[in-house]
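A short worksheet on the structure shown next.
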Amino acid sequence: MTKKHSQSRDRKPRTDAQRNRARILEVAKEAFARRGANASLDDIARQSGVGAGTLYRHFPTREALIEAVYRAEVEKLALAEKELSAKLSPVEALRAWMLLFVDYIATKQIIVPALNTMVGGASKLYEGSRAQVKGAIEALVTRAIKSGDIRKDLEPFDLLRALIGVSNVASTPEWQPSARRLVDILITGSRPTK
């Protein structure tokens, strides 16, 4: 491999390419939510304001696009932990992150059927996302325990399991507002007893 070729692969993508990629992911997420995994990739490109070639350059297959949408949602959730911790009190950061998690579950439920059709399934993808999500909630709960806002015996993963359980009853249209209300109940139940 020549030195010039190696440098071009290591180079950071241009700003406009990053914007195009982010826009494609947002439009794809909405399209998959409305039309399922078989949403038209040409329509996604058009609504993103890019040509089909640009879409395929970023995402050579439908599966690659679906996987990228999922990864982007997990990354947003993981990054939100630091952003929320920087600007909110420990318990409010935890609450805000849990509300984002409900939205993440909604997105995941939309694209999971498509992820499961991928060759080899999505188990490796889920393993990586599980670690990111677990790390985020552990950091938030640890911070809230240290501040005295949350009980010392609270296990972060137990709180996450409760939230997943609430979100897994997503069989009715009103599940998401209900899950968001239950976040406050979980936070209240996590407060120290006197």
| query | Leu159 versus Met98: any side-chain heavy-atom pair under 4.5 Å? | reply | yes

| said: Is the shortest side-chain heavy-atom distance between Val133 and Trp97 below 4.5 Å? | reply: yes

| query | Do the side chains of Arg62 and Leu41 get nearer than 4.5 Å, heavy atoms only? | reply | yes

| request: Write down the atom of Pro90, the atom of Arg143, and the distance for their closest heavy-atom approach. | output: CA-NH1, 3.3 Å

| message | Rounded to the nearest 0.5 Å, what separates atom NZ in Lys152 from atom CD1 in Ile150? | response | 13.0 Å

| At what distance, to the nearest 0.5 angstrom, does CG of Leu160 lie from CD1 of Ile137? | 4.5 Å

| About how many Å separate CG of Leu94 and CG of Asp149, when rounded to the nearest 0.5 Å? | 9.5 Å

| query | Ser147 side chain to Ala144 main-chain N or O, any donor-acceptor pair under 3.5 Å? | reply | yes

| query | Taking atom OH of Tyr56 and atom CD1 of Ile24, what is their separation to the nearest 0.5 Å? | reply | 11.0 Å

| task | For side-chain contact (heavy atoms from CB on, under 4.5 Å), just list the numbers for Ile44 and Leu65, CA-CA rounded to whole Å, side-chain angles, deciding distance to a tenth of an Å, and then say yes or no. | result | CA-CA 11 Å; Ile44 290 170; Leu65 179 57; 4.2 Å; yes

| field | Student check: side-chain heavy atoms of Leu182 and Ile185 closer than 4.5 Å | value | yes

| task | Over all heavy atoms of both residues, which pair between Gly148 and Pro192 is shortest? Give the atoms and the distance, please. | result | O-CG, 3.3 Å

| Does one side chain, of Arg191 or Thr188, offer a donor that lies under 3.5 Å from an acceptor on the other? | no

| message | Applying ring pair (Phe, Tyr, Trp, His ring centres under 6.0 Å), can you list everything that pairs with Phe59, at least two apart in sequence or on another chain? | response | none

| Leu79 and Leu25: same hydrophobic cluster, using ILVMFWY side-chain contacts below 4.5 Å? | no

| remark: The side chain to side chain donor-acceptor pair (under 3.5 Å) partners of Arg180 (sequence neighbours excluded) come to Asp103

| task | Among residues two or more places apart or on two chains, list those pairs meeting side chain to side chain donor-acceptor pair (under 3.5 Å) that have a residue in residues 75-96. | result | Glu26-Lys76, Glu73-Lys76, Arg95-Asp184

| said: I'd like to know if Asp158 pairs up with Arg161 as an ion pair, taking the criterion as any Lys NZ or Arg NE/NH1/NH2 lying under 4.0 Å from an Asp or Glu carboxylate oxygen. | reply: yes

| request: Hey, could you give me the CZ/CD distance between Arg71 and Gln132, rounded to the nearest 0.5 Å? | output: 8.5 Å

| Do Leu55 and Ser48 come within less than 4.5 Å of each other through their side chains, counting heavy atoms only? | no

